[in-house]
Every structure is written in structure tokens, then in C-alpha cells.
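A short write-up of the structure that comes next.
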Amino acid sequence: MRNNTCLYTEKKSNTVRHACSMLAALIMAMVMMISMTAAVFADAEGSDNNLHQSQGLEGGAYEVTRLEMKASVGKDHSYDVTEEITVNIPQTLHQIEFAIPSGSFRMRGLTVDGTAFASNISSSGSSVKIVDQQALTTGIHTYTIRYKILEFADRNTAKDIFYFNVLLPEWKQPIGEMHAQITFPDDFPVDDIQHYAGQFGAEDTENRLTYKTEKSSGSFSVSGKRIPENYGLSLKAELPDRYWEGALDGVWAIFAMILVMGAAVLVMLMLWIIGGRDPRIKRRPQTKPIEGVSPVELGYVFNNSFDGRDLVRMIIYFAIRGYLKISEYEPKRYRLIRKNDPEGEEKLLRNAYGILFEDVYKGRALDMDDLGDRLYRIENAIRDDVAAGFSSRDTQAYTPLSRAFRAVCIILTGISAAVANGLKYSYQYVDVNYAESVLIGAAIMAMTTLLCIAVDRRDSSSGETGRTMEIVSGAILAGMIIYFAISIIGTTGHILAGIIAAGLCAAEVFLAVIMRARGKGNSVLMMKLRQLRRFIAHPTPKELLENYLADPGYYYDMLIYALTFGSEESWAISFLTLDVPEPEWYSDDIEGHAFSNLRETPTTVDYARDIRSFVRTIEGAYEDMQRRKHRR
């Protein structure tokens with residue numbers, strides 16, 4: 001083959017404008033303001049006349065003649081509230097809706113005495129609907145609504161705040177008469193209570209309400225008549241820091257979240273120490289083929305597996321040893337020509353060769369169309385023989401204990417993520433979204449499994465395929481963990497909690513990935529293969545030349561490993577300046593085919609590419625055949 005010094009290499013923000021939408025929103029806001037102003041003026045003009053009737057949800061009219069509220073403020077910053085609402089219904093209705101408090105607190109025990117009702121609890125606006133038809137007939141009806149408000153712990157270290165809405169701005173009905181009494185703990189400074197009342201956010205100047213403080217009983221009373229709709233009354237007081245005791249505090253949920261994930265990491269670390277670590281093997285340079293391991297056994301060295309790639313490596317091995325010749329007679333169409341019998345090879349290789357060329361005489365060709373079934377028979381015939389060579393604990397690619405520990409780690413990763421996601425809801429004292437929590441846990445578990453598979457295949461993968469699978473699965477998993485952390489931050493408001501949760505989840509994934517212990521003998525083989533992979537990708541000129549001069553077949557003996565690692569072209573480039581003979585076992589018999597107008601004969605790189613094309617073609621055809629068999 002001639003020397004050749006040619007160099008071989010293989011190697012969007014759309015801006016959207018919203019002017020029309022903003023203009024439409026501005027017009028709508030102006031219309032709403034005009035409507036609201038008209039309603040204020042209309043109510044002001046009619047405040048001394050008879051009480052207006054309000055329209056019900058189903059088109060009927062009714063009037064609220066009296067509202068009586070009793071609220072008891074607890075030392076734990078809770079409010080036990082009872083509202084008695086008396087309504088005059090001139091004509092039977094289908095339902096009546098009353099506004100109830102909403103905000104960043106939790107409401108418990110919502111009931112309507114003796115009446116069927118429906119509720120809508122939302123941070124933006126909550127309501128109770130009376131749906132009991134017997135309570136919606138013509139006449140006077142009194143509805144008693146009870147609920148308890150639980151406030152969250154006050155994070156202001158300078159002071160605590162009391163803030164309570166007696167009348168809600170969202171109240172849609174005028175009120176004929178109202179009376180509210182709020183009782184406080186004994187040490188509450190009732191004299192410091194401030195009150196703010198008005199309609200649509202404007203302060204009331206007509207003094208519709210009267211206020212009374214009873215210091216002896218620790219209560220505050222409010223009375224009034226002819227209260228217009230959308231009229232709000234709020235009470236407020238500044239209290240000493242830590243006045244409230246036992247208010248809702250979800251910090252425990254954050255600590256529980258960290259405890260659960262931290263415990264999972266600790267358990268996984270212990271499992272790794274007990275049975276998930278590879279034996280310590282001293283690294284030594286490997287620049288020659290590994291003795292005692294045939295190409296057909298490499299899959300078992302890597303992953304305790306035997307598949308079509310091992311069979312194709314076997315064909316290349318037979319070719320290099322002179323047992324067959326590969327002929328490409330059309331683009332990506334091949335024949336295998338039988339040559340010398342593999343008399344000196346081990347029994348499983350002789351059996352494989354016999355099946356491959358069954359009924360094919362020496363010098364005759366086996367067509368590619370007949371190759372698939374024969375490879376399938378070879379796989380079934382020698383699989384057990386290959387596996388028998390790696391049946392001892394010392395030669396296993398995975399110890400049973402580490403395999404079990406990895407499964408436990410993957411399950412722990414998913415469970416801890418699901419529990420942590422559920423605890424973020426407990427922080428807010430709301431119902432846990434079990435579906436979301438299970439989905440997040442299952443997704444993280446699935447992607448952790450895929451990442452483990454990708455990393456396990458790193459040593460046996462060729463070219464960019466293995467790296468791509470690692471990068472894609474790792475990136476998707478990282479995105480899930482980031483989403484998981486952001487959701488915790490968004491729910492709890494604690495950035496550090498989200499960062500710690502993400503870090504612990506990443507640690508769990510890392511421990512699951514490295515939870516793979518090999519037998520000591522297998523670890524020695526893997527050390528040699530990894531060193532060989534590094535050498536093939538980046539050979540040192542001195543050792544390369546020494547090995548080649550000592551063994552003229554060195555280049556082709558190592559080519560099998562180069563093809564396994566996807567480094568066949570790098571290996572071929574390293575030999576461009578050496579006088580490597582053309583492979584007698586491979587021929588390009590395509591009529592009129594030429595390598596280049598610049599070269600008279602093909603180089604090592606040309607042949608490496610052709611052999612890589614053969615390997616990929618046969619592997620692909622065999623995989624397609626396997627898929628077709630499984631579908632039947």
C-alpha cells in the first residue's frame with residue numbers, strides 16, 4: 001500500500017408585539033372603571049331609600065336583610081367564624097352565592113348548618129353556594145355559615161400583624177343591617193385595633209358603621225345599616241414579635257424533605273461501600289491484543305451480553321485469520337467466500353464457522369441474503385458456551401449483589417423525589433397532588449435507569465452513539481431535577497431548599513449510576529480494554545512502530561478492537577506513513593468503483609471505512625431480521 005500524507009477528517013428569537021392587545025385591555029379597563037363609578041354614584045344616591053334587591057345566579061332577586069358575625073381570634077393566629085345571614089326571597093331561586101374570605105391562609109371546617117351547599121375555595125376568590133331547594137323558597141331564610149381560618153407563621157422578625165376582613169369587598173349584595181363581634185385572647189391590645197372601611201377601595205366618609213371596644217371582655221364590635229354592595233371592612237393591629245404561638249409553619253416539611261432525601265443518599269452510600277464498588281485494579285498500559293479473550297467474547301466482558309455485534313466481530317476475526325474473504329460486489333452488498341478451516345481455534349469458534357459455511361465448499365461464496373439465518377443459528381448454538389466462560393463470580397460484568405443494590409437505589413431515587421414533591425404541598429397545608437408526585441418520581445426513576453444503561457454501555461459503544469445516549473439521557477434527567485427544584489422553590493419560597501433538594505437528587509442519581517461492581521477478573525479485563533481504547537485513539541508513535549515491526553499483522557489484529565470502540569479511522573490514520581499491506585481478506589469488486597482521482601491505490605483509511613461500512617450493514621440487517629422474528 002502506498003504512503004499517503006492526505007489528511008482524513010469526518011467530521012433563532014422572534015420578537016412579538018402586543019400593541020393591539022394592550023389597547024384592547026386599556027379600553028376594557030376604562031369601561032370597567034366607568035361602570036364601577038356609575039354603580040358607586042347610583043348606590044350613594046339611593047342609600048337612604050329602600051334596600052336594593054340583588055340578582056341571583058339563576059336570574060332571581062333576593063335581599064340580605066341582616067348579617068351577624070361572631071369571630072373568635074386564637075392565640076395560634078386562627079379565626080373561628082360564624083356568619084348568620086338572613087335573606088328575603090320574593091321568588092323561589094335555584095341557588096344563592098355568598099363570598100367568604102380568601103388569601104394566603106388555610107380554611108378548615110366550612111359548613112352551612114342544616115343546608116346543602118357547594119363551595120369554591122381559591123386564593124383569588126372563594127364563595128359558598130346554597131343549593132338546597134327547600135332553603136331557596138319564597139320567604140325569609142337564615143343561613144348559618146361556619147369556618148375556621150388558619151394563618152401561617154409571620155416571618156417578620158420586627159413585629160407580628162393582626163389583619164382580619166369583617167366585610168369583604170367581593171360581597172355582591174347590599175346588607176340591610178349588620179353586626180359583628182370579634183373576641184381576642186386576654187393579652188391582645190384591643191385598644192390598638194385600627195379599622196378601614198369603604199366601597200371599591202375608597203374610604204367611607206358617611207360613617208355607616210359604628211365601632212365599640214370592650215376591654216374588659218377583650219372584644220371589638222361593629223354595627224351598621226344600609227351597607228352597599230362591594231363594601232369592605234378590615235381590622236388591623238401591630239403586635240409584638242412572636243405574639244402568635246403555634247401558627248401554621250411549613251418549615252417542618254422542608255426539614256422532612258431534606259431528611260428523606262438525605263437518608264436515601266446515606267443508605268445508597270452504604271450500599272455502594274458494602275457491595276457496589278469495583279475492585280481496585282492497578283492501571284497498566286495495554287498496546288497489544290488481549291490474550292485469552294476472543295472477539296466474540298467481548299460483549300460478555302463488557303455487559304454480560306451476547307448479540308449481533310459479537311457475531312460481526314467474529315466474521316472480521318475469521319477474515320483476518322484467513323478463514324474467509326469479504327467481497328463487496330455491489331454498494332453495501334457482500335459475499336463471504338470460504339477459505340481455510342479454523343483448525344487451531346477453540347471449539348465454539350469452530351462450531352460457529354461450521355454453521356456459517358454449512359453446505360458451502362471452499363472457494364464458494366455465501367450470499368448476504370443467506371447470512372441472517374445462519375448468524376441466528378450461530379447465536380443460539382454458542383451463546384451458552386460463551387456465557388459458560390463468564391459464569392464464575394470472578395469474571396462477571398455485574399455481581400448479583402451490585403445489580404440488586406442498583407435496583408434498590410433507582411427505586412429509592414424515585415420514591416424520595418415523589419415524597420419530597422408531596423412535602424412541598426404539606427408546607428402549604430394543602431392537599432398533596434399525588435398524581436404529580438408519582439409522575440415526577442416515576443419519570444426520574446425511568447431516566448435514571450436509562451442513564452445507568454447508557455453509562456454501562458460506554459465501554460462497549462462505538463463512536464458518537466454511546467456519548468449521544470449519555471448526553472441526551474443525562475440532559476433530560478438534569479432538566480427534570482431542575483424542574484423539581486424550581487417547583488419546590490416556587491411553592492415554598494425557599495431557594496436554599498430547592499438547591500439542597502436538587503443536590504441530593506443528583507447525588508442519588510450519581511450513586512445509582514456508579515452502583516456496579518465487577519468481578520475481580522472482569523475488572524482486570526476491563527482495565528486492559530480501557531487502556532487499549534485509549535491507546536488506539538491516541539497511540540504513541542514509539543510503541544506503535546515497535547509493535548508493528550515486531551508483528552506485521554499487528555495493524556489488522558488491533559483493527560477488531562478499533563472497530564469495537566468506533567476508532568477504526570483514527571487507527572488507520574496512525575498507519576498512513578507505514579507500509580501496511582492491503583488486506584487479502586477484503587476486496588472491492590464493484591464494477592467501475594474508484595477511491596480517488598488523486599490516488600492510484602486505496603489507503604488504510606479507505607479500507608477502514610469500507611470495513612466499517614460492512615460491519616454496520618451486517619449489524620443493521622441482522623437487527624432488522626431479529627425485529628421481524630419478534631413480531632411474528
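Note that the structure is a prediction, hence the values are computed from the model and not measured.
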Checklist entry - On the ring face of Tyr398, is Arg516 found with NZ or CZ under 6.0 Å from the centre and within 45° of the axis? => result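 Geometry flag: set, cation within 6.0 Å and 45°.
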
Nearest-0.5 Å distance that lies between atom [atom1] in [X] and atom [atom2] in [Y]:
X      : Y      : atom1 : atom2 : result
Thr449 : Ile453 : OG1   : CD1   : 6.5 Å
Ile488 : Ile499 : CD1   : CD1   : 11.5 Å
Ile482 : Leu477 : CD1   : CG    : 10.0 Å
Arg609 : Asp606 : CZ    : CG    : 6.5 Å
Asn433 : Lys424 : CG    : NZ    : 8.0 Å

On a heavy-atom basis, which atom in [X] and which in [Y] lie closest, and how many Å separate them?
X      : Y      : value
Pro400 : Gln396 : CD-OE1, 3.2 Å
Pro539 : Leu544 : CB-CD1, 4.0 Å
Pro331 : Ile590 : N-CD1, 3.7 Å
Thr492 : Tyr427 : O-OH, 3.3 Å
Asp610 : Tyr334 : O-OH, 4.3 Å
Glu508 : Val265 : CG-CG2, 3.5 Å

Do we see a donor-acceptor contact under 3.5 Å between the side chains of [X] and [Y]?
X      : Y      : result
Tyr323 : Glu345 : yes
Tyr376 : Gln626 : no
Asp394 : Ser392 : no

Item to check | Heavy-atom side-chain proximity of Arg534 to Arg283 below 4.5 angstrom | outcome: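 SC-SC contact between Arg534 and Arg283 confirmed.
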
Item to check | Leu349 side chain near Met314 side chain, heavy-atom distance below 4.5 Å | outcome: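 Yes; the side chains approach each other to less than 4.5 Å.
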
Item to check | Flag if over 12 foreign heavy atoms under 6.0 Å of CD, Glu346 | outcome: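 Correct, the count exceeds 12.
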
Item to check | Check against salt bridge (Lys or Arg N to Asp or Glu O under 4.0 Å), Asp456 and Arg406 | outcome: CA-CA 12 Å; Asp456 288 347; Arg406 172 178 277 182; 2.5 Å; yes

Checklist entry - Which is it for Asp557 and Arg321 under the side-chain contact (heavy atoms from CB on, under 4.5 Å) test, yes or no, and what are the steps along the way? => result CA-CA 9 Å; Asp557 288 341; Arg321 287 288 179 267; 3.0 Å; yes

Note: [X]-[Y] ion pair, threshold 4.0 Å (strictly below):
X      : Y      : value
Asp359 : Arg338 : no
Glu619 : Arg309 : yes
Arg383 : Asp307 : no

Item to check | Residues Lys339, Trp585; criterion side-chain contact (heavy atoms from CB on, under 4.5 Å); working and verdict | outcome: CA-CA 9 Å; Lys339 307 292 283 185; Trp585 46 270; over 6 Å; no

Next on the checklist: Tyr548 and ring-ring contact (aromatic ring centres under 6.0 Å, His included): which single residue from Phe575, Tyr555, Tyr554 fits?
Outcome noted: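 Between Tyr548 and the candidates, ring-ring contact (aromatic ring centres under 6.0 Å, His included) is satisfied uniquely by Phe575.
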
Checklist entry - side-chain contact (heavy atoms from CB on, under 4.5 Å) between Glu568 and Leu559: does it pass, once the steps are laid out? => result CA-CA 6 Å; Glu568 65 282 340; Leu559 183 60; 4.2 Å; yes

Item to check | Step-by-step side-chain contact (heavy atoms from CB on, under 4.5 Å) determination, Val432 to Ser426 | outcome: CA-CA 7 Å; Val432 175; Ser426 298; 4.1 Å; yes

